[in-house]
Number of protein chains: 2
Amino acid sequence: MESMINHELYKVFYLAAKTGSLTQAAKALYITQPSVSHAIKQLEDSFGITLFYRNSKGVALTQEGAILYSYIEQSNILISLAEKKMAELKNLEAGELKIGGSDSLFKHYLLPYLEKYHKQYPFIGLSLIHGTTPEVITYLKEGRIDLGVVRLPIVDPQLEVKEGIELQDCFVAGAHFAELKGKVLTLEQLMEYPIILFSRNSRARMAITELFHDYGYDIKPEIEVGSVDLLIEFAKKGLGISYVTREFLSKELDEGTLFEIQLDVHLPPSRVGVMTMRNVPLSSAAKTFVEYIR
Amino acid sequence: MESMINHELYKVFYLAAKTGSLTQAAKALYITQPSVSHAIKQLEDSFGITLFYRNSKGVALTQEGAILYSYIEQSNILISLAEKKMAELKNLEAGELKIGGSDSLFKHYLLPYLEKYHKQYPFIGLSLIHGTTPEVITYLKEGRIDLGVVRLPIVDPQLEVKEGIELQDCFVAGAHFAELKGKVLTLEQLMEYPIILFSRNSRARMAITELFHDYGYDIKPEIEVGSVDLLIEFAKKGLGISYVTREFLSKELDEGTLFEIQLDVHLPPSRVGVMTMRNVPLSSAAKTFVEYIR
DNA sequence: GGGGAGATATAGATGGAGTCTATGATAAAC
DNA sequence: GTTTATCATAGACTCCATCTATATCTCCCC
């Protein structure tokens with residue numbers, strides 16, 4: 001390892017062999033001919049092998065030089081490919097973007113951004129990785145995703161959080177509970193109806209449980225489901241009153257298939273946010289995407 | 001091509017990625033850590049891409065860095081193989097030696113050298129390429145052989161000639177002409193016997209024709225053959241008197257199966273020589289072999 | 001054969017890229 | 001809190017790649 005050869009010399013050798021002329025190689029490298037001559041000499045000296053025949057028309061590879069060239073040519077081709085790939089990655093003509101989050105946020109919050117992004121950068125592969133907030137955080141820390149989209153607040157010194165839009169959770173019912181339309185209920189009154197909540201381990205569920213607790217109540221759902229779509233479906237079928245994010249229901253509220261229950265207490269809004277690792281550089285693809293989100 | 005990247009930086013990048021530590025890479029490269037840090041920064045700046053995550057335990061490749069590494073690793077492996085190969089060629093642990101010449105010279109002159117050489121450098125491939133003197137010269141100039149072994153004199157400014165041993169051509173006969181043993185013949189007397197000569201286009205043939213011509217005679221062979229072995233065989237069978245190089249017959253002369261005809265004129269000796277291209281470097285294999293020959 | 005046009009080689013000067021030392025900043029380990 | 005890793009930064013220095021100028025050689029053409 002003492003006599004490790006300067007790889008820059010191979011670049012000179014490559015061009016000299018390729019052009020068959022030290023003078024031509026010099027031009028291609030934007031240096032002078034003596035520099036090329038010197039570089040080749042260094043290579044020859046460090047191998048103790050003559051690499052070129054010199055004649056008045058230029059240079060030609062010796063037997064040994066030709067052997068060296070066969071390796072160096074491949075090596076340099078790889079480097080060229082690497083540089084091309086780096087340019088592509090930089091210009092977002094290649095790459096991959098991996099996002100963690102919940103399906104409902106993907107569908108109702110991220111979808112328009114993803115569509116626009118994919119249209120503009122069609123060669124960036126997209127991976128959406130479903131998981132709960134703690135799972136998403138774990139994926140982030142393990143480097144399995146570039147960014148996570150979750151409900152705030154997130155308190156973790158390792159994470160950088162960018163706030164997104166505000167979401168308002170609310171209780172909704174379908175035609176079966178039409179008598180409640182226009183009325184303002186107390187929490188106590190609400191609890192007399194069958195309640196449908198998201199499954200126990202979600203953040204939204206914990207938030208609403210805590211809110212009721214603050215008011216001295218203990219909310220117990222009739223039904224627990226595992227997706228926002230089911231919350232909506234069950235409410236529409238009249239199986240109960242669902243607690244769900246209002247922004248995810250705009251279609252049903254417009255149609256009138258579901259209506260919002262008015263309460264005498266304010267349900268705190270939540271905010272969606274984009275998490276990335278603090279002190280860890282984002283890929284070009286991820287950096288650009290984060291700037292899309294407002 | 002303006003922003004051609006210094007390939008030396010890839011060597012640093014490679015080791016940094018491989019060891020996962022700028023400090024370790026620095027040690028392997030016998031430079032200091034800030035130099036490595038600087039080199040990586042240059043690479044990152046010229047790509048406009050972050051290649052490593054830095055943390056207090058070392059460095060880890062980013063997504064893009066890992067892509068670059070996959071190329072550079074291959075490239076560097078090729079360079080290592082190239083350097084290994086060069087060392088082998090230098091130490092004559094690999095390579096090829098191509099020699100041009102006549103079969104008789106290969107067999108009777110070069111064989112012992114070839115044996116010894118091959119024993120010492122078993123991994124050098126040997127190619128013996130048969131041809132007449134002008135053919136051998138052509139092969140040399142075309143680069144198809146490293147050196148040629150032929151009868152001197154050779155006059156060609158492009159060729160470098162190293163003189164070898166002296167050979168003496170002579171006329172020999174077998175038991176059938178036993179009456180000639182011990183006698184001294186004139187050329188005229190000799191010509192009364194059937195003569196066996198090498199085929200018309202050989203140098204030896206031309207030389208003897210010219211010699212007879214100088215003495216006013218025109219030698220016409222009874223038989224013409226294409227190899228030294230046949231000259232010897234035919235003489236042994238008593239088909240005539242062969243003109244052949246004495247050194248190629250030592251076995252037959254010792255055994256007494258053939259004897260040399262004494263003449264009243266001196267037959268000029270010829271010298272064997274090794275030709276190489278002037279001003280063209282020899283391969284390590286060829287250089288070493290030429291030094292074997294004395 | 002002389003001279004021009006091309007090639008590479010050589011010598012010596014020069015400047016800047018790469019390297020060093022010293023230090024800072026940060027995180028983890030103890 | 002202290003120590004010991006890590007990488008980053010700043011500024012000085014130095015060595016080596018490069019340059020200019022010239023030599024040498026070969027071919028080719030007049």
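Lettering of chains follows the sequences in order, A, B, ..., and the numbering in each one begins at 1. All heavy atoms count here, side chains included; hydrogens, waters and symmetry mates do not. Everything numeric in this text was worked out from a predicted model, so none of it was measured.
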Colleague: In whole Å, I'd like the distance from the OH atom of B:Tyr30 to the P atom of C:dG18.
Modeller: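 The distance from OH of B:Tyr30 to P of C:dG18 comes to 22 Å, rounded to the nearest Å.
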
Colleague: Donor-acceptor pair, distance only, cut-off 3.5 Å: does the side chain of B:Ser75 make one with the backbone of B:Tyr71?
Modeller: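 A pair under 3.5 Å: no.
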
Colleague: What is the separation between atom CG on A:Leu22 and atom P on D:dT26, rounded to the nearest whole Å?
Modeller: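 After rounding, the reported distance stands at 16 Å.
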
Colleague: Keeping B:Tyr121 on the side-chain end and B:Phe289 on the backbone end, is there a donor-acceptor pair under 3.5 Å?
Modeller: no

Colleague: Just the rounded figure in Å: distance from C1' of C:dA7 to CG of A:Asn55.
Modeller: 8 Å

Colleague: Quickly work out the A:Leu29 CG to D:dA17 P distance and round it to whole Å.
Modeller: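 Computing the A:Leu29:CG to D:dA17:P distance gives 14 Å.
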
Colleague: Is the phosphate of C:dG6 approached by A:Thr23 (side-chain N or O, under 4.0 Å from OP1 or OP2)?
Modeller: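 For C:dG6, neither OP1 nor OP2 has a side-chain N or O of A:Thr23 closer than 4.0 Å.
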
Colleague: Heavy atoms from C-beta onward define the side chain here; which of C:dT8, D:dC19, C:dA27 lies closest to that of B:Ser56?
Modeller: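 It is C:dA27.
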
Colleague: Within a reach of under 6.0 Å around NZ of A:Lys41, are more than 12 heavy atoms found that belong to other residues, nucleotides or ligands?
Modeller: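 Open: at most 12 neighbouring heavy atoms sit under 6.0 Å from NZ of A:Lys41.
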
Colleague: Kindly assign one of parallel, tilted or perpendicular to the pair A:Tyr69 and A:Tyr14, based on the angle between their ring planes and the thresholds 30° and 60°.
Modeller: parallel

Colleague: Between A:Tyr292 and A:Lys116, is there a cation-pi geometry (under 6.0 Å to ring centre, at most 45° from the normal)?
Modeller: yes

Colleague: Separation of B:Lys57 atom NZ from C:dT26 atom P, in whole Å?
Modeller: 18 Å

Colleague: Rounded to whole angstrom units, what separation is found between the NE2 atom of A:His7 and the P atom of C:dG18?
Modeller: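 It is 15 Å, rounded to the nearest whole Å.
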
Colleague: Between C:dT8 atom C1' and A:Lys27 atom NZ, what is the distance in whole Å?
Modeller: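 It works out to 14 Å between those atoms.
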
Colleague: So, A:Arg54 and A:Glu44, do they make that salt bridge, N to O below 4.0 Å?
Modeller: yes

Colleague: Regarding A:Lys141 and A:Asp156, does a basic nitrogen lie under 4.0 Å from an acidic carboxylate oxygen?
Modeller: yes

Colleague: Output yes when at least one side-chain N/O atom of B:Asn6 is less than 4.0 Å from OP1 or OP2 of C:dG18, else no.
Modeller: yes

Colleague: From the list D:dT6, C:dA9, C:dA28, which nucleotide is the closest neighbour of the side chain of A:Arg54?
Modeller: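 Of the options given, the side chain of A:Arg54 lies nearest C:dA9.
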
Colleague: Kindly state which residues belonging to residues 32-45 of chain B come within less than 4.0 angstrom of DNA chain D, counting heavy atoms of the residue only, listed by number.
Modeller: B:Gln33, B:Pro34, B:Ser37, B:Lys41

Colleague: Could you check how far CD of A:Gln24 sits from C1' of C:dT8, rounded to whole Å?
Modeller: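 So the CD-C1' distance, A:Gln24 to C:dT8, works out to 14 Å.
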
